[in-house]
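Here the structure comes first, spelled out in structure tokens, and everything after it is commentary.
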Amino acid sequence: MKKIVFATLPLKGGLEKRKYPVDGNALIECEEPIYFAVNPAVASTLQKDDEIKVILLETKGGENAGTENAKLFIDELNSLNKVGAKISKEILPSAFDPSKTNFQFMFKTLIKELEEGAEIYADVTYGPKPLAFLLLTVIQFAEKFFDCTVGNIVYSKVEFVGGKIKEGSEMIYDITPLYLLNSFTNTIESSTGEKAIKAVESLFED
């Protein structure tokens, strides 16, 4: 199966491995410390005949540590790839520029990386915040026009105290349900806002 992994890279170097619990999906939790939240999610479902295309979004700025962090990403995914699936990577650099022109360019570039019937994964932890919105839009495009499915969309967080990471603050969030909620909102039909609210409330009932 073809899998496409989109991940935003940190601008800073010196990334440290951390042990991350997972909120919302224990199946993608890794017992060992990791750099990137999405790698255990991808590795958890790998088969030998899978082909993984990794698209790493490097934002130029800060310490310009894209090359260093891209190597960490691929090395980690290779170490978790216990079945010998084929992995390829591409680094897409862009300026730290949340302008309309830049994001139009990025969107056109990213959708050209899509393939029919692929399973999509995304890590939106790092990089400028608008990149997360961009990737969610690309995934919607992939579902609608390339018959792609969504594996996991993840975000990892830590808390800082006095410039240092607070021990025990690490967490990975599987935000795939948030993406699906957006898709639900885009497709729901209702004659009034009140009825639409009731439809959402019904969706959230246990």
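One is the number of the first residue; the rest follow in order along the sequence. The figures that follow rest on heavy atoms only: side chains count, while hydrogens, waters and symmetry mates do not.
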Where L56 and A70 come nearest, the two heavy atoms and their spacing: CD1-CB, 3.6 Å

Distance-minimising heavy-atom pair for Q47 and A85: O-CB, 3.5 Å

Short side-chain to backbone donor-acceptor contact, K82 and S79, under 3.5 Å: yes

Atom pair CD1 (I55) and CD1 (I91), whose distance is rounded to the nearest 0.5 Å: 10.5 Å

Inter-residue atom distance E68.CD - L15.CG, 0.5 Å rounding: 8.0 Å

Note, K2 side chain near I52 side chain (heavy atom, < 4.5 Å): no

Within one Ile-Leu-Val-Met-Phe-Trp-Tyr cluster: F204 and F184, side-chain cutoff 4.5 Å: yes

Test item: I87 and V54 side chains (from C-beta on) under 4.5 Å apart, heavy atoms: yes

ILVMFWY network linking V22 to Y20, side-chain heavy atoms under 4.5 angstrom: yes

Greater than 12 external heavy atoms within 6.0 Å of F133's CZ: no

N102 side chain to P98 backbone, donor-acceptor under 3.5 Å: no

Least distance between heavy atoms, P40 atom then L80 atom: N-CD1, 3.9 Å

Exceeds 12 heavy-atom contacts within 6.0 angstrom, atom NZ of K166: no

Neighbour count above 12 (heavy atom, 6.0 Å) for K198 NZ: no

N81 side chain vs L77 backbone, donor-acceptor pair below 3.5 Å: no

Shortest non-hydrogen contact from P130 toward F103: CB-CZ, 3.4 Å

Sidechain-backbone polar pair: K53 side chain, E90 backbone, donor-acceptor under 3.5 Å: no

side-chain contact (heavy atoms from CB on, under 4.5 Å) between M1 and T149, intermediate numbers included: CA-CA 11 Å; M1 183 178 189; T149 57; 4.2 Å; yes

With sequence neighbours excluded, residues passing side-chain hydrogen bond (donor to acceptor under 3.5 Å, both in side chains) with T176: D174

Hphob cluster co-occupancy, I165 + L72, side-chain heavy atoms under 4.5 angstrom: yes

Nearest-0.5 Å distance, CE of residue M171 to NZ of residue K157: 6.5 Å

Heavy-atom side-chain contact between P93 and E58 under 4.5 Å: yes

Side-chain donor or acceptor of N186 paired with backbone N/O of S183 under 3.5 Å: no

Heavy-atom closest contact (T59 atom, P128 atom, distance): OG1-CD, 3.2 Å

Worked check of side-chain contact (heavy atoms from CB on, under 4.5 Å) between L57 and M106: CA-CA 10 Å; L57 280 65; M106 288 295 294; 4.1 Å; yes

Contact check, side chains of Y173 and L178, non-hydrogen atoms, under 4.5 Å: no

Atom pair CZ/CD1 of F36 and I34 - distance to nearest 0.5 Å: 10.0 Å

Linked, directly or transitively: L92 and I74 (ILVMFWY side chains, under 4.5 Å): no

Heavy-atom neighbours of K86 NZ exceed 12 at 6.0 Å: no

Donor-acceptor contact present, side-chain T125 to main-chain S156, <3.5 Å: yes

For K19 against E170, the heavy-atom pair lying closest together: O-CB, 3.6 Å

Main-chain N/O of V38 paired to D123 side chain as donor or acceptor, under 3.5 Å: yes

side-chain contact (heavy atoms from CB on, under 4.5 Å) assessment of V150 paired with Y179: CA-CA 10 Å; V150 179; Y179 168 79; 3.8 Å; yes

Aromatic ring pairing F141/F146, orientation class (parallel under 30°, perpendicular over 60°, tilted between): tilted

Worked check of salt bridge (Lys or Arg N to Asp or Glu O under 4.0 Å) between E167 and R18: CA-CA 10 Å; E167 290 295 331; R18 313 290 298 186; 3.3 Å; yes

Flag if over 12 foreign heavy atoms under 6.0 Å of CD, E116: yes

Test item: I4 and Y121 side chains (from C-beta on) under 4.5 Å apart, heavy atoms: no

Minimum side-chain heavy-atom gap E76-K17 below 4.5 Å: yes

Heavy-atom side-chain proximity of V42 to I28 below 4.5 angstrom: no

Heavy-atom donor-acceptor pair, Q140 side chain to V138 backbone, under 3.5 Å: no

Between NZ on residue K89 and CZ on residue F73, distance to nearest 0.5 Å: 11.5 Å

Joint hydrophobic cluster, L9 plus L135, side-chain heavy atoms closer than 4.5 Å: no

Separation of T185 OG1 from L181 CG (nearest 0.5 Å): 4.5 Å

Validation row: I175, N152 side chains within 4.5 angstrom (heavy atoms): no

Full working for side-chain contact (heavy atoms from CB on, under 4.5 Å) between L131 and L134: CA-CA 5 Å; L131 277 182; L134 176 67; 4.0 Å; yes

